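Quick note: residue numbers are just sequence positions, from 1. Please read all numbers here as calculations on a predicted model, not as lab measurements. Order of appearance sets the numbers: ligands from 1, and atoms from 1 within every ligand.
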Amino acid sequence: MSDHNWGDQGANHRPDPTWDLDPQTLAVRGGLSRTGFGETSEALFLNSGFTYASAEQAEASFAEEIDHFLYSRFHNPTVSMFENRLAALEGAERCLGTSSGMSAMFMSIACMVSAGDRIVASAAMFSSCHVVLTEILPKWGITVELVKSDNHEGWKNALSQPTKVVFIETPSNPLLEITDIKFVSDLAHKVGATVVVDNVMASVVLQKPLELGADVVMYSTTKHIDGQGRVLGGAILGSEEYFTNYLLPFNRHTGPTMSAFNAWVLVKSLETLNMRVNQMVDSAQAIAEFLDAHPKIELVRHPGLKSHPHHALAMTQMSGKGGSMIGFEVKGGKSAAFELMNKLRVIDISNNLGDSKSLITHPASSTHRRLSPEVQAEMGIHAGTLRLSVGLEAAADLVKDLQQALA
Ligand SMILES: *Cc1c(COP(=O)(O)O)cnc(C)c1O
């Protein structure tokens, strides 16, 4: 048999851009770019560099006169497929894949700020984001003010003076406080701020911050996007202008790049994201209702419950669904919380979230232990607080597991 032809053997046809495809079609087809071999699935390009047909082509590539991959720190065909697919789902002009959610969070802000600038952020958040904002950036002469998510007067006061960046995590980790993205974005734009939303907890399936007025969205793709506990990754989405003026130069020279292998896992994960998240969210609603009615539970925080202080806002901002996470407090403090965790037989003890496996964590002693007791209390984290990430097991089995552990 002769060598296979390296020419254009496969299908690379695309629907017309005016077709206005459904998100589920975009999740499977968005960003798809086939090589001349016509492979069905997205190809994995595990190469760091690229070659040029001539010195002139190399020169024109670096001058950006022609579109040619240069080096995998800047871009890579597999990573580009992931980025273009997520951008299509989010409705964003551009997307950049990063090595982790934290590199996405850090870079989305660091690329914009200089000494003397001011940042305003929602107070309850993932603890590493809190460390970046309150410990790392202030070392470089940046001031940061935190506002409680539902304190509208607080947001008005904080955003009555020039501000460079507003950072919002909603729902917040672990107690699922909701910040009004539209309200805060409108205030932020009046003082010239760029609004960055950490959309990890809701995911693109439930919440579209750009449609609500935010400028930039960031993800830990480690969570629902991979959703199967395999690879770390992050993503930043925003406008062409933000990318050209701030993000791309910062990324190019500092290098928190997504690996091509991780992008290959993640581009395939996007195909099933919608189904997985919807199943998790439906189960989480049922489990939150079960916990809410249980006599040994002090309090349940789930945006889908009417008892949640920001339920109405969550329902309009998050496509009418509460998300896959539940914060709850067991009567009897730390020992009762630990006893419950230790008795579980299906749900695993793990600090990850958004996984196909249901995972439970005790924030005060794990994910949020780095924060002082005062800051923890401000975020609503107490000794008996637990965070449950609902996975893809049957909801009835998860309820059964919690029921026997609480008996
Ligand atoms: C996990 C998480 C991050 C950080 O993501 P990594 O991929 O672990 O670096 C940031 N924000 C939120 C809300 C998260 O849950």
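Phe62 is listed as a side-chain neighbour of Tyr52, based on a closest heavy-atom distance under 4.5 Å. With contacts defined as side-chain heavy-atom distances shorter than 4.5 Å, the pair Gln228/Asp355 does not qualify. Within the 4.5 Å cutoff, the side chain of Val166 has heavy atoms near those of the Trp155 side chain. Side-chain contact between Asp150 and Glu177: absent, with no pair of heavy atoms (C-beta onward) separated by less than 4.5 Å.
Under a 4.0 Å criterion applied to the non-hydrogen atoms of Ser100, ligand 1 contributes the atoms 7 (O), 9 (O). Heavy-atom proximity to Gly233, at under 4.0 Å, picks out these atoms of ligand 1: 7 (O). Atoms of ligand 1 found under 4.0 Å from any heavy atom of Asn173, numbered from 1 in the order shown, are 15 (O). Within ligand 1, the atoms closer than 4.0 Å to a non-hydrogen atom of Glu169 are 13 (C), numbered from 1 in the order shown.
The protein heavy atom nearest to atom 6 (P) of ligand 1 is Gly101 N, 3.3 Å. For atom 12 (C) of ligand 1, the nearest protein heavy atom (residue, atom name, distance) is Asp198 OD2, 3.5 Å. Residue, atom and distance of the protein heavy atom nearest to atom 9 (O) of ligand 1 are Met102 N, 2.8 Å. Protein heavy atom closest to atom 4 (C) of ligand 1, with residue, atom name and distance, is Phe126 CE2, 3.5 Å. Among protein heavy atoms, the minimum distance from atom 14 (C) of ligand 1 is reached at Lys223 NZ, 3.0 Å.
Residue Thr222 has at least one nitrogen or oxygen atom sitting less than 3.5 Å from a nitrogen or oxygen atom of ligand 1, judged on distance alone.
For His130 and Phe126, the ring centers are positioned 6.0 Å apart or more.
Residue contacts with ligand 1 leave out Met105, since none of its heavy atoms falls under 4.0 Å from the ligand. Put simply, no part of Ala104 is less than 4.0 Å from ligand 1, judged by heavy atoms.
In this structure, CG in Leu26 is found 11.5 Å from CG in Asn84, a value given to the nearest 0.5 Å. Taking CD of Glu42 as the start and CG of Leu32 as the end, the distance is 5.5 Å to the nearest 0.5 Å.
Residues Arg85 and Glu271 are paired through a salt bridge, judged by an N-O separation under 4.0 Å between the basic side chain and the carboxylate.
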